[in-house]
Every structure is written in structure tokens, then in C-alpha cells.
Amino acid sequence: MKHFEVVTAIAAPPDQVFAVCLDVEAHTRSMADSAERAVGGRTRGELSLGDTVTFQARHFGLTWRLKARITSYDRPRRFVDEQESGPFALWRHAHHFEPDGNGGTIMRDVIDFASPLGPVGRIADRFVLGRYMPHLIRTRNAYLASTFG
């Protein structure tokens, strides 16, 4: 299993950042480079505890679908989404939001994932996805931060 964290400063209060991170349309806009779109579950608006959404996107020249459920929700401090079905053997993404003391937010993404296929998946995680996934989250976070000016 791979584990990584990405910390992002955003010039907006935690409640606003929390809401944007749960907004399906904002998420798909932030992932435009992979042509991500919501194709199942809740496909518009703000997700809440127990909601599912299925995203479809292109990565590595292939189309993938990932169905995630919001499994933990503590507004405006934290929520967790976990894969119910999709390309990973495990996907768990905890989103943490803390005030920065100046009216902004320190957002911390804590992600654990594992590819299927045993040793082959572990090699992919180590040499490909271990670099690709943090880059993808940083790109998403840069877009989200830019929405607040």
C-alpha cells in the first residue's frame, strides 16, 4: 500500500474550502486534463455523508471508472472518500481543513492506495502511481486554490 500527503494553503475559510472540495462540478473542473466527469450516483451539487459518485476519466490513455462513497463527514474539519469499485484494490482519501490563523485554510490530503495484481500492482504503485497520484492531487489543489482568487 502507498501512502502520501499533500498540504495546500488556500486563501479562504475552512467552511468554504470544505464545500468546494465536496462539490461534484468543482471536482470535475479541477480534473479537466483527464476529461473527468461524473457518470453515476450524485452527479451534481455537494456530496454529504453516505453519498456516492462515480467518476470516469482518462489516465495513461485508458478510460477508468471509480465509484467513491463519503464514509466520514465532520464539517468543516474533515471528510473521507473511499473507493467502492474501480481500478484500485484500495483507495482512501481523507481531506483535512484547518484555519491558518489569517482567515485562510491549510488543507491536508492524506491518501492511501494500492493497485490490484499483487506484485505487479506493487511495482506500478512504486514506480508509476507513487509519482503520478501526488502530482494529480497537487494539480487539483492548485485549481481549487485558484478559484478563491
Side-chain angles (χ1 to χ4, degrees), residues 1-60 63-116 121 124-126 128-149:
M1 175 174 67
K2 290 294 284 181
H3 171 89
F4 70 92
E5 297 185 19
V6 173
V7 177
T8 308
I10 300 181
D15 193 59
Q16 288 179 16
V17 179
F18 184 95
V20 166
C21 287
L22 282 167
D23 183 87
V24 175
E25 291 103 339
H27 178 82
T28 57
R29 286 190 301 273
S30 75
M31 302 296 284
D33 288 347
S34 61
E36 189 158 320
R37 60 191 179 102
V39 297
R42 185 172 183 120
T43 59
R44 299 183 61 122
E46 189 175 319
L47 298 164
S48 61
L49 184 63
D51 283 348
T52 64
V53 60
T54 301
F55 290 109
Q56 179 175 296
R58 289 193 57 81
H59 299 279
F60 306 108
T63 299
W64 305 88
R65 283 189 180 210
L66 184 144
K67 179 181 179 183
R69 180 177 300 276
I70 305 301
T71 58
S72 179
Y73 184 97
D74 180 18
R75 188 180 196 107
R77 292 177 207 67
R78 176 181 182 270
F79 73 89
V80 177
D81 63 85
E82 296 184 64
Q83 176 189 280
E84 284 197 346
S85 62
F88 295 99
L90 168 82
W91 174 266
R92 184 177 189 279
H93 184 174
H95 308 251
H96 300 268
F97 308 88
E98 299 172 14
D100 69 0
N102 295 310
T105 301
I106 300 299
M107 181 172 71
R108 188 167 50 97
D109 294 276
V110 180
I111 298 170
D112 295 297
F113 71 93
S115 294
D125 290 348
R126 182 172 182 188
V128 179
L129 294 177
R131 294 177 193 191
Y132 184 76
M133 298 309 298
H135 172 75
L136 197 64
I137 297 300
R138 284 187 199 94
T139 299
R140 178 197 65 128
N141 289 359
Y143 173 84
L144 293 175
S146 76
T147 66
F148 291 103

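Computed from heavy atoms alone, side chains included, the values below leave out hydrogens, waters and symmetry copies.
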Would you call [X] and [Y] a side-chain contact if the rule is heavy atoms closer than 4.5 Å?
{"X": "Val80", "Y": "Arg78", "result": "yes"}
{"X": "Leu47", "Y": "His27", "result": "no"}
{"X": "Gln56", "Y": "Arg65", "result": "yes"}
{"X": "Met31", "Y": "Leu136", "result": "yes"}
{"X": "Met107", "Y": "Asn141", "result": "yes"}

Shortest non-hydrogen separation from [X] to [Y] and the atoms involved:
{"X": "Ala57", "Y": "Glu36", "answer": "CB-OE1, 3.7 Å"}
{"X": "Phe88", "Y": "Leu129", "answer": "CE2-CD1, 4.1 Å"}
{"X": "Val6", "Y": "Pro134", "answer": "CG2-O, 4.3 Å"}
{"X": "Val24", "Y": "Arg42", "answer": "CG2-O, 3.7 Å"}
{"X": "Pro76", "Y": "Phe97", "answer": "O-CB, 3.3 Å"}
{"X": "Asp100", "Y": "Asn102", "answer": "OD1-N, 2.7 Å"}

Gap between atom [atom2] of [Y] and atom [atom1] of [X] - 0.5 Å precision:
{"X": "Thr28", "Y": "Arg140", "atom1": "OG1", "atom2": "CZ", "value": "12.5 Å"}
{"X": "Asp125", "Y": "Tyr132", "atom1": "CG", "atom2": "OH", "value": "14.0 Å"}
{"X": "Leu66", "Y": "Glu82", "atom1": "CG", "atom2": "CD", "value": "11.5 Å"}
{"X": "Thr8", "Y": "Asp109", "atom1": "OG1", "atom2": "CG", "value": "6.0 Å"}
{"X": "Thr52", "Y": "Asp81", "atom1": "OG1", "atom2": "CG", "value": "11.5 Å"}
{"X": "Asp33", "Y": "His59", "atom1": "CG", "atom2": "NE2", "value": "10.0 Å"}

>> Ignoring hydrogens and geometry beyond distance, is a side-chain donor-acceptor pair present between Arg58 and Thr63 at under 3.5 Å?
In response: yes

N/O donor-acceptor pair under 3.5 Å between [X] side chain and [Y] backbone:
{"X": "Thr105", "Y": "Ala12", "value": "yes"}
{"X": "Glu25", "Y": "Gly45", "value": "yes"}
{"X": "Thr139", "Y": "His135", "value": "yes"}
{"X": "Asp112", "Y": "Arg92", "value": "no"}

> Does Arg37 CZ have over 12 foreign heavy atoms under 6.0 Å away?
Replying inline: no

>> Does Arg75, at its CZ atom, have more than 12 non-hydrogen atoms belonging to other residues, nucleotides or ligands within less than 6.0 Å?
In response: yes

>> Pair His3, Val110 - check side-chain contact (heavy atoms from CB on, under 4.5 Å), show working.
In response: CA-CA 7 Å; His3 171 89; Val110 180; 3.4 Å; yes

>> Go through it in stages, so that I can follow the logic: the residues are Ile70 and Leu22, the test is side-chain contact (heavy atoms from CB on, under 4.5 Å), and I'd like the CA-CA distance, side-chain angles, deciding distance and then a yes or no.
In response: CA-CA 9 Å; Ile70 305 301; Leu22 282 167; 3.9 Å; yes

> For His95, what residues pass the ring pair (Phe, Tyr, Trp, His ring centres under 6.0 Å) criterion, not counting sequence neighbours?
Replying inline: Phe79, His93

Side-chain donor-acceptor contacts of residues 142-149 below 3.5 Å, not counting sequence neighbours, with atom names and distances?
unit_1	atom_1	unit_2	atom_2	d
Tyr143	OH	Arg29	NE	3.4
Ser146	OG	Tyr143	O	2.6
Thr147	OG1	Leu144	O	2.6

>> Applying salt bridge (Lys or Arg N to Asp or Glu O under 4.0 Å), can you list everything that pairs with Asp23, at least two apart in sequence or on another chain?
In response: none

>> Can you classify the ring geometry of Phe113 versus Trp91 as parallel (below 30°), tilted (30 to 60°) or perpendicular (above 60°)?
In response: tilted

